[in-house]
Amino acid sequence: MKHFSFKKSIILVLILVAVPQLEAQTHVPIYLDDSQPMEARIEDALSRMTLQEKIAMIHAQSKFSSPGCPRLGIPELWLSDGPHGVRMEFVWDTWDHAGWTNDSCTAYPALTCLAATFNPELAFQYGNAIGQEARFRKKDVILGPGVNIYRTPLSGRNFEYMGEDPYLSSRMVVPYIKGMQQNGVAACVKHFALNNQEKNRDKINVEVSDRALHEIYLPAFKAAVQEGGVWAVMGSYNKFRGQYCTHNEILVNQILKKDWGFDGVMMTDWGSAHDTEEAARNGLDLEMGSWTNGLTWGLSSAYDNYYLAQPFLEKIRNGELPESLLDEKVRRVLRLCYRTNMDRNRPYGCKLTPEHTAIARQVAEEGIVLLKNDNNFFPIEKERYQKIAIIGENAIKKLSLGGGSSELKPQKEISPLQGMQEKYGKEHIIFTLGYASGEPNYSNELPSGLNADSLVQEALKVAKEADVVLFFGGLNKNYTQDCEGDDRLSMDLPFGQNKLIEKIIQVNPNTGIILISGNAVSMPWLDDIKGLIQSWYLGSQAGTATANVVCGDVNPSGKLPFSIPVKLEDNSAHYYGEESYPGINNTQYYKDDILVGYRWYDTKKIKPQFPFGYGLSYTTFLYGKAQTDKKEYQAGESIKISFTLKNTGNRPGAETVQLYMSQKKPSVIRPIKELKSFQKIHLEADEEQLVEMEIPVQSFAFYDKANSKWKLEEDSYTLHIASSSRNIQSSVTIKITDSADKH
């Protein structure tokens, strides 16, 4: 028998040792077996990963992707901005547009418009349509929807959110998420939390009571997690009680993950992480931007320098942080992968379909709000006028561009002027610019280069010659308007529009205004105009939807998702001065507490220009007397309330009926009334319908900060059926005789 040499013996041993390892790496692992439970596959994948592979899973590799784990067949995660459509492609490591020819999308109306529809079914279709386009574009996560509360009309990002009321936002965000995620595309609800202004957003520290936090600023996020089952949450730039929100112990560890049971991924906004230790311990799972975030412009391709990259790895190796913190983050990212890019059964998606176009148009049509209509100025019937003057830059400006991260590259965007020309015929339309704003820009104002006086003189000439004037003005998505990164400078219309409107009225009093914005504006000319429409950033079908409403082919049914104050100082955030907004020394105190929006105007007896929930129609509605199924209720029961609604006009229309609650003798301050339910009812001319609404008694509870829980009090409560927060049609009083505290 021949003896092996010592060298050969060593080689043989190495081979024998290596073979099982090689086999383990090449064998099809359990986590790819779809018959195994997801959590078992997650644990199997986690057990096979090296420390370096785990670290790579929790931070970016490019502007909009993270690397996955190629060795184990775990694909990259690809993210895209929303929430109004799938954003264009970017160069790997810059903010430059990639210049692709196949990255266009359907641009959907902004979320303010979606909220103004008061139609949760449309919210589902909206989310589903974006999810389909995202899936077709091979995106795994859409960075939206946004549900921060409209606190001040100056906030540059209000157009991306769903208004001032937490209940409305909650009811609209849940179907949006479900619609999107049924396509195997994760929604990422943002910005968690208290991102209610853009000014100093990366420095401002918010001080707010626990009660306001839970009653006003968190309900939509909670609904997104517990009812919508959202798969990702994005942190905000600001601080809460001295700690950055993206890795905030109270917000993320305690509320989001412990109290609400969130099992998805908590991720950064681009540049919202600030510390490795806090990020590791306080629940941040995925860091998508720090060094090259467009705010601090740092090193190129610095992804390994992120707080959750090499610095985190070194702290684990040095024993400063346990590897278990890393494992929990990787589990969550893996869970996101199994729900999206590793779900073999998810659909393939589609984009730019006729169905998507129809959804974009319907949302736009149902969201447009008719605010004033003296002597039936609207609709502008085709036979009524031979010469219609269209004045204003917003009639032609492409409003899907600009605004920051919500910018879109629509395959087609029909302008209001195009829509009006197609509806009325070009021979009946005269257009002139009136004012000019320049190109949309993210960080400064770019002048238009046009002479303002010449534009005004031409507008007055056109107005004099017309039978009727429609002024298309408002805001746009330029810097310090409806734009990410900073707030508006005032409530006034920019670019001299107020003075221009006043001059137009003098030469032609038969004037109506179509405001396009995501925010309230001051209206010094309101008494002198014949009609007013609040429109929004309507996306691809802007012109078609606008013309359909203006001419009367579509009956307007939108309701305001926020209150419009007469002047800025009437607003709750501004009433208390700089300490409340924008803050002093980078700290602000929410002195308005729970009294935000209509809660503030009602309780403080301040009359708004237009109230929350307000919107007119081309028809009229008659409300019957409200009745409840009984007069006394206990905790755990639901109240059933019914009334008749009749369309008393001569054309079909839709009315959003709103149910508000008032408590008679609360032990703490409560608003005069709070929205607790709504329904959008479509009726033919002269049609009457019995409307039935059901609300849980527990929804009457308030957040008891003394005990850190929701408290329902025995008391008398009045239920108001209303057409807006200020237009109560019928009321009924009930009693709650047994509270949850007794059980």
Side-chain angles (χ1 to χ4, degrees), residues 28-49 53-83 85-87 89-90 92 98 100 102-103 105 127-144 177-190 228-234 262-268 285-289 303 308 329-351:
V28 177
I30 295 173
Y31 68 84
L32 290 179
D33 182 355
D34 291 345
S35 67
Q36 296 295 318
M38 181 192 295
E39 297 305 315
R41 287 179 276 158
I42 289 170
E43 293 304 318
D44 178 68
L46 183 65
S47 71
R48 297 167 186 268
M49 297 172 73
E53 287 171 336
K54 292 178 187 178
I55 286 288
M57 286 283 291
I58 64 168
H59 68 82
Q61 65 170 355
S62 76
K63 274 287 183 285
F64 286 98
S65 70
S66 64
C69 185
R71 182 178 66 84
L72 296 180
I74 299 169
E76 300 166 324
L77 274 172
W78 280 92
L79 301 81
S80 177
D81 273 313
V86 187
R87 199 178 183 187
E89 300 296 332
F90 283 78
W92 184 265
W100 291 15
N102 62 348
D103 60 345
C105 68
N128 178 58
I130 295 179
Q132 288 176 338
E133 296 210 10
R135 178 69 187 96
F136 186 86
R137 290 265 303 276
K138 297 180 170 55
K139 306 302 180 186
D140 304 306
V141 182
I142 284 292
L143 306 178
I177 291 167
K178 290 183 175 179
M180 178 174 289
Q181 292 188 168
Q182 72 175 2
N183 294 283
V185 175
C188 181
V189 68
K190 62 186 187 183
V230 74
W231 294 339
V233 172
M234 180 188 288
F262 176 62
D263 69 353
V265 167
M266 174 69 192
M267 61 180 287
T268 62
D285 300 313
L286 180 62
E287 186 179 2
M288 285 306 302
Y303 304 104
L308 288 183
K329 299 176 193 306
V330 176
R331 282 188 186 95
R332 289 174 177 269
V333 175
L334 285 169
R335 192 174 293 123
L336 179 60
C337 290
Y338 280 115
R339 287 167 166 167
T340 59
N341 60 20
M342 295 184 72
D343 177 5
R344 295 178 176 179
N345 297 316
R346 67 174 177 164
Y348 290 105
C350 55
K351 76 166 188 172

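Sequence positions, counted from 1, serve as the residue numbers for this chain.
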Task: Residue pair Pro67 / His59: nearest heavy atoms and the distance that separates them - done: CD-O, 3.4 Å
TODO: Using modelled atom types only, decide if a donor and an acceptor are shared between the side chain of Gln181 and the backbone of Gly229 within a distance under 3.5 Å.
DONE: yes
Task: Distance in Å, Asp103 CG paired with Glu89 CD, rounded so as to fall on 0.5 Å steps - done: 5.5 Å
Open item on the list: Given 3.5 Å as the limit, does a donor-acceptor pair link the side chain of Glu76 with the main chain of Ser65, or not?
Closed with: no
Open item on the list: For the backbone of Met266 and the side chain of Arg332, can you confirm whether one donor and one acceptor N or O come within less than 3.5 Å of each other?
Closed with: no
Task: Pairwise distance CE(Met267) to CD(Glu287) - rounded to 0.5 angstrom - done: 10.5 Å
Task: Trp92, CH2 atom: more than 12 neighbouring heavy atoms under 6.0 Å - done: yes
TODO: Take Met180 and Trp231, measure what side-chain contact (heavy atoms from CB on, under 4.5 Å) needs, and give me the verdict at the end.
DONE: CA-CA 11 Å; Met180 178 174 289; Trp231 294 339; over 6 Å; no
- [ ] Identify the residue among Thr340, Val185, Ile130 that makes a side chain to side chain contact (heavy atoms under 4.5 Å, CB included) with Arg135.
- [x] Val185
Open item on the list: Donor-acceptor check, side chain of Asn183 to backbone of Asn128, threshold 3.5 angstrom: yes or no?
Closed with: yes
Task: Nearest-0.5 Å distance that lies between atom CE in Met342 and atom CE in Met38 - done: 10.5 Å
TODO: Could you tell me whether Phe136 atom CZ has more than 12 heavy atoms of other residues or ligands within 6.0 Å of it?
DONE: no
Task: Close side-chain approach of Cys105 to Lys351, heavy-atom, < 4.5 Å - done: no
Task: Any donor-acceptor N/O pair, Thr268 side chain to Met288 backbone, under 3.5 Å - done: yes
Task: Shortest non-hydrogen contact from Ala186 toward Leu336 - done: CB-CD1, 3.6 Å
Task: Asp81 with Lys63: basic N within carboxylate O range, under 4.0 Å - done: no
Open item on the list: Which heavy atom of Val141 sits nearest to which heavy atom of Cys188, and what is that distance?
Closed with: CG1-CB, 3.9 Å
Task: Charged N-O contact under 4.0 Å between Arg335 and Asp285 - done: no
Task: Inter-residue atom distance Lys138.NZ - Tyr348.OH, 0.5 Å rounding - done: 10.0 Å
Task: Arg346 vs Asn341, side-chain contact (heavy atoms from CB on, under 4.5 Å): CA-CA, chis, key distance, verdict - done: CA-CA 8 Å; Arg346 67 174 177 164; Asn341 60 20; 3.7 Å; yes
Task: Cationic N near anionic O, under 4.0 Å, Arg48 to Asp44 - done: yes
TODO: May I have the step-by-step check of side-chain contact (heavy atoms from CB on, under 4.5 Å) for Ser62 and Trp78, ending in yes or no?
DONE: CA-CA 10 Å; Ser62 76; Trp78 280 92; 4.1 Å; yes
Task: Between CG on residue Asp263 and CD on residue Glu39, distance to nearest 0.5 Å - done: 7.5 Å
Task: Closest contact, heavy atoms only, Ala187 versus Ile177 - done: CB-CG1, 4.1 Å
- [ ] Grab the two heavy atoms, one from Gly228 and one from Lys178, that are nearest each other, plus how far apart they are.
- [x] O-CG, 4.1 Å
- [ ] For residues Lys190 and Leu143, report the shortest heavy-atom separation together with the two atoms involved.
- [x] NZ-O, 2.8 Å
- [ ] Decide side-chain contact (heavy atoms from CB on, under 4.5 Å) for Met57 and Met49; before the verdict, give the C-alpha distance in whole Å, the side-chain angles of both, and the deciding distance to 0.1 Å.
- [x] CA-CA 10 Å; Met57 286 283 291; Met49 297 172 73; 3.3 Å; yes
Task: Interatomic distance, Ile142 atom CD1 to Arg137 atom CZ [nearest 0.5 angstrom] - done: 8.0 Å
